[in-house]
Amino acid sequence: MKNKFSIIVPVYNGESHIKKCIDTLLKQTYNDFEIIIINDGSTDDTKSVLTKFYAKNLKVKIVNTSNKGVSFARNLGINQSSGQYLLFVDSDDELSINALKYLSIMLNKKDRDLILFGFSLTGDNNRKNDTSILKSIANQNTDCKMNILKSILSTKNNILGYVWRAVYSLDFIKKNNIFFETHLKISEDYLFLLQSVEHSNNLFVITEEFYKYNLGETSMSNKFVPTLLNDMVWVNNWIESNILTVYPQFFVGFNCLVANTYIRYVQNAIRNKEENFMLKYREIKLNKRKYNFQRSINQVIFHLDKFDFKSKIGVILFRIHLDIVYELLFNIKERKN
């Protein structure tokens with residue numbers, strides 16, 4: 001008999017936290033689930049920890065593989081799943097112990113392609129979740145899918161695109177061939193969630209904060225990511241080809257996304273400690289021209305209300321070609337940290 005839920009947990013060098021994650025999952029008040037741990041070629045004692053504590057646990061399936069990245073690991077987990085529904089949990093995070101019980105009740109009332117839920121944050125008091133946005137969408141009587149797409153494709157007061165903040169029908173995922181793009185190092189979960197929403201005609205939003213997101217040292221939000229520009233441009237191109245052609249009303253939101261990509265790219269480039277400032281400046285200038293970021297910046301200057309205060313400053317400076325002022329200010333900020 002199929003399990004109701006399959007929980008996929010990719011892990012790489014997680015010896016210090018994987019046990020806490022799995023032990024918390026095993027405390028679920030709903031019993032019909034399996035945990036699939038994909039050990040993505042860990043070089044520490046992760047494999048030993050998993051073998052010692054979970055090798056004989058019938059609820060836990062351990063899959064050891066060579067290091068191929070989190071997207072490959074999650075795809076492998078999808079293909080190993082026997083449940084009706086999928087959830088994803090990162091190895092340093094937790095799922096509320098009543099999450100599966102509540103989701104099971106919701107899914108027994110009506111089968112869904114996916115259900116989005118809320119999350120709480122620990123480890124960074126400056127970051128906030130999006131529960132208020134979920135409540136706003138849940139209280140609207142208009143098209144749920146359109147409201148979710150609009151919010152995911154927004155740059156302010158938006159639904160954050162984390163793959164672990166939803167439960168997915170396995171049949172729906174496989175029928176629509178929704179898998180993680182293995183060449184992406186960032187935004188791969190954002191794209192997976194976006195594709196799932198775009199394909200779905202039967203989704204739902206709840207406001208319960210079932211997922212506990214730990215912003216620890218492994219968070220990539222403030223680290224230099226060499227592939228960031230290529231990855232974000234690739235995702236933007238996918239959105240332009242697959243979303244804008246169907247929903248042209250999201251054109252303004254898309255241009256805001258592109259402008260936000262440039263902001264994140266500039267910040268990421270400044271974080272590169274291997275290059276001096278002038279080399280970074282020239283590289284940024286070259287890529288701004290190469291990817292025609294100025295076109296979107298010129299468009300969104302009339303929609304500054306769609307950005308937070310700091311991003312507004314960036315857009316204004318970029319519009320009048322004072323990128324170097326933004327870069328100098330961000331460089332000073334990074335040197336202080």
> Do the non-hydrogen side-chain atoms of N108 and K4 ever get within less than 4.5 Å of each other?
Replying inline: yes
> Quick one: is the NZ or CZ of R74 closer than 6.0 Å to the six-membered ring centre of F180, and within 45° of its axis?
Replying inline: yes
> Which of parallel (below 30°), tilted (30 to 60°) and perpendicular (above 60°) describes Y281 and F277?
Replying inline: parallel
> Do NZ/NE/NH1/NH2 and the carboxylate oxygens of E94 and K20 come within less than 4.0 Å?
Replying inline: yes
> Does the side chain of N67 come under 3.5 Å of the side chain of Y12 through a donor N or O and an acceptor N or O?
Replying inline: no
> Taking S42 for the side chain and N13 for the main chain, is one N or O donor matched with an acceptor at less than 3.5 Å?
Replying inline: yes
> Taking T46 for the side chain and G14 for the main chain, is one N or O donor matched with an acceptor at less than 3.5 Å?
Replying inline: yes
> Taking the side chain from N176 and the backbone from H199, do they hold a donor-acceptor pair closer than 3.5 Å?
Replying inline: no
>> Taking salt bridge (Lys or Arg N to Asp or Glu O under 4.0 Å) as the definition, give me every residue that meets it alongside D111, ordered by chain and number, with sequence neighbours left out.
In response: none
>> Run the salt bridge (Lys or Arg N to Asp or Glu O under 4.0 Å) test on D40 and K68 for me, step by step, so that the C-alpha distance in whole Å, both residues' side-chain angles and the decisive distance to 0.1 Å come before the verdict.
In response: CA-CA 7 Å; D40 184 31; K68 297 181 180 178; over 6 Å; no
> What pair of heavy atoms forms the shortest contact from P10 to V70, and how long is it?
Replying inline: CG-CG2, 3.8 Å
> Any sub-3.5 Å donor-acceptor pair from E34's side-chain atoms to S82's backbone N or O?
Replying inline: yes
> Per the ring-ring contact (aromatic ring centres under 6.0 Å, His included) rule, which among F192, F179, Y85 passes with Y168?
Replying inline: F192
>> For the NZ atom of K273 and the CD atom of E334, what is their distance to the nearest 0.5 Å?
In response: 6.5 Å
> Sub-3.5 Å donor-acceptor pair from the side chain of K312 to the main-chain atoms of D305, do we have one?
Replying inline: no
> Are D130 and R165 close enough, and set up right, to give a salt bridge (Lys or Arg N to Asp or Glu O under 4.0 Å), and what steps lead you there?
Replying inline: CA-CA 11 Å; D130 57 8; R165 54 105 37 86; 2.8 Å; yes
> Which is it for N202 and S200 under the side-chain hydrogen bond (donor to acceptor under 3.5 Å, both in side chains) test, yes or no, and what are the steps along the way?
Replying inline: CA-CA 5 Å; N202 184 15; S200 175; over 6 Å; no
>> Within 45 degrees of the ring normal and closer than 6.0 Å to the centroid, is that where the cationic atom of K59 sits relative to F33?
In response: yes
>> If we ignore hydrogens and angles and just use 3.5 Å, is the side chain of N129 paired with the main-chain N or O of S120 as donor and acceptor?
In response: no
> CG/D90 to CG/N214 distance, rounded to the nearest 0.5 angstrom?
Replying inline: 10.0 Å
>> Give me the atom names and distance for the closest heavy-atom approach of L193 to G161.
In response: CD2-CA, 3.7 Å
> Hey, are E15 and K47 close enough for a salt bridge, meaning a charged N less than 4.0 Å from a carboxylate O?
Replying inline: no
>> Looking at D323 and K288, is any side-chain nitrogen of the basic one under 4.0 Å from a carboxylate oxygen of the acidic one?
In response: yes
>> Using 30° and 60° as the class boundaries, would you call the ring planes of Y291 and F293 parallel, tilted or perpendicular?
In response: tilted
> Are side-chain N/O atoms of N98 and T29 paired as donor and acceptor at under 3.5 Å?
Replying inline: yes
> V258 versus V300: any side-chain heavy-atom pair under 4.5 Å?
Replying inline: no
> How many angstroms lie between atom CD of Q294 and atom OH of Y262, to the nearest 0.5 angstrom?
Replying inline: 8.0 Å
>> Could you measure the distance from the CG atom of L329 to the CD1 atom of I324? Nearest 0.5 Å is fine.
In response: 10.5 Å
